[in-house]
Amino acid sequence: MAASMLVQRTATLCCAFKGISRAKAVLPVNCRCWFVLQTAGYNPKPLKLDLRQPYIPDKESNKTPEWQKTGRYDRKLFGRHGSGSGVDPASLWPSHEELEKLIAEEREWHPPLEVLLKNIEAKQKEETEKRLAKEKLIAANMAKMPKMIEDWRREKREGKQKLKEEKARKAKMLAEARERFGYNVDPRSPKFLEMVAEIEKEEKKKKKLLKRRLKEEQAAAPPAAHS
């Protein structure tokens, strides 16, 4: 702090001398003499600080900045001035909590060689397990591939057959509607839709009767003789 005040005073004097040297070229002789006399008569106030002694902030004073009351600043003072700083070296040692934090940070960022080797081994093991699992999944899917292809082809054939049957059924319905009404009917018309609903109802009834007849025939048939 004392050094900074001294530097400020020196800078002020330098600026004053620079201003005087610049004014010499434009000011008359009388003004120059006045500046010289004023400069010669300058008597700055002496510094209240003793630069021969280290600056030790008063921690009890309200004028002392808070950052000069911290343990970090005490460590800096002791590092510069040693025992002349008046700082107790025992107070510079980290507390139990700070020491545990430093140890935890050291373990996290600079783990021992044994821990590094274990971490590398665990990572390699995990990558190997992932690779084997992926290869196993690929092999299982490849084994299922022929059946999946066959199922896809069968579904495609069934879809084509179903579409063909739907077209044939629609054509049959249109022909029956033309025969019933005597003219071509729009498949979107209410007449055609009613006719289709009626035919579907009759077909369901026929299927139900056929199913019941088959059940009755099976019940009436004699049981097969056991050898």
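Excluded from the calculations below are hydrogen atoms, water molecules and symmetry mates; all remaining heavy atoms, backbone and side chain alike, are included.
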Student: List the steps, then state whether side chain to side chain contact (heavy atoms under 4.5 Å, CB included) holds for K205 with K201.
Tutor: CA-CA 6 Å; K205 189 182 293 184; K201 187 176 181 179; 5.6 Å; no
Student: Can you see which heavy atom on P187 is nearest to which on F192, and at what distance?
Tutor: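 Scanning both residues completely, I find the closest heavy atoms to be O-CD2, 3.1 Å.
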Student: Closer than 4.0 angstrom, basic N to acidic O: yes or no for R169 and E165?
Tutor: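 No.
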Student: So, E114 and K118, do they make that salt bridge, N to O below 4.0 Å?
Tutor: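 Between K118 and E114 there is a salt bridge, with a charged N closer than 4.0 Å to a carboxylate O.
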Student: From R107 CZ over to L102 CG, what is the distance, rounded to the nearest 0.5 angstrom?
Tutor: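 Nearest 0.5 Å value for the CZ-CG distance: 12.0 Å.
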Student: Determine whether more than 12 heavy atoms belonging to other residues, nucleotides or ligands lie under 6.0 Å from atom CD of E105.
Tutor: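 Yes.
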Student: Rounded to the nearest 0.5 Å, what separation is found between the CG atom of L209 and the CG atom of L214?
Tutor: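 Reported to 0.5 Å precision, the distance equals 11.0 Å.
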Student: Would E176 and I199 satisfy side chain to side chain contact (heavy atoms under 4.5 Å, CB included), going step by step from the backbone distance to the final call?
Tutor: CA-CA 10 Å; E176 187 172 346; I199 292 174; 3.5 Å; yes
Student: Is a salt bridge present between R154 and E158, judged by a nitrogen-to-oxygen distance below 4.0 Å?
Tutor: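 Here R154 pairs with E158 in a salt bridge, since their nearest N and O are under 4.0 Å apart.
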Student: How about W67 and R72: do any of their side-chain heavy atoms sit closer than 4.5 Å?
Tutor: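 Answer no - side chains too far apart.
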Student: In Å, rounded to the nearest 0.5 Å, how long is the span from CD of E126 to OG1 of T128?
Tutor: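 These two atoms lie 10.0 Å from each other.
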Student: Of all the heavy-atom pairs spanning Y73 and Q68, show the shortest one and how long it is.
Tutor: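 Nearest pair, atom of Y73 first, then Q68: CD2-O, 3.4 Å.
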Student: Nearest 0.5 angstrom please: L193 CG to M173 CE, how far?
Tutor: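 Interatomic distance, L193 CG to M173 CE, rounded to 0.5 Å: 11.0 Å.
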Student: Would you call K69 and E66 a salt bridge, using N to O less than 4.0 angstrom?
Tutor: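 Looking at E66 together with K69, the answer is yes, because their closest N to O distance falls below 4.0 Å.
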Student: Which atoms form the tightest heavy-atom contact between G82 and S85, and what is the distance?
Tutor: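 Heavy atoms of G82 and S85 come nearest at O-OG, 2.6 Å.
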Student: For R180, look at atom CZ and say whether over 12 heavy atoms of other residues, nucleotides or ligands are found less than 6.0 Å away.
Tutor: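 Yes, CZ of R180 has more than 12 neighbouring heavy atoms, counting only those of other groups under 6.0 Å.
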Student: Is a side-chain N or O of E216 found less than 3.5 angstrom from the main chain of R213, in a donor-acceptor match?
Tutor: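 Judged by distance alone, no pair lies under 3.5 Å.
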Student: Quick check for you: to the nearest 0.5 Å, what is the distance between K59 atom NZ and T64 atom OG1?
Tutor: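 If we round to the nearest 0.5 Å, K59:NZ and T64:OG1 are 10.0 Å apart.
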Student: Is it possible for you to say whether M145 and L137 belong to one hydrophobic cluster, with membership spreading through side-chain heavy-atom contacts below 4.5 Å?
Tutor: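 No, because M145 and L137 fall into different hydrophobic clusters, even though each may have its own neighbours under 4.5 Å.
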Student: Take D88 and F78 through the side chain to side chain contact (heavy atoms under 4.5 Å, CB included) test and state the conclusion after the steps.
Tutor: CA-CA 9 Å; D88 183 12; F78 188 83; over 6 Å; no
Student: Are K156 and D151 ion-paired here, with the side-chain N under 4.0 Å from a carboxylate O?
Tutor: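 No, this pair does not count.
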Student: Any chance you could measure L174, atom CG, to D186, atom CG, to the nearest 0.5 Å?
Tutor: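 Taking CG in L174 and CG in D186, the distance rounds to 9.0 Å.
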Student: Could you walk me through whether K207 and E203 pass the salt bridge (Lys or Arg N to Asp or Glu O under 4.0 Å) test, one step at a time?
Tutor: CA-CA 6 Å; K207 289 180 180 179; E203 288 179 352; 5.6 Å; no
Student: Between E129 and K125, is there a side-chain heavy-atom distance shorter than 4.5 Å?
Tutor: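 A side-chain contact under 4.5 Å exists here.
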Student: Can you find a heavy atom in the side chain of M142 that is under 4.5 Å from one in the side chain of I138?
Tutor: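 Yes - at least one pair of side-chain heavy atoms lies under 4.5 Å apart.
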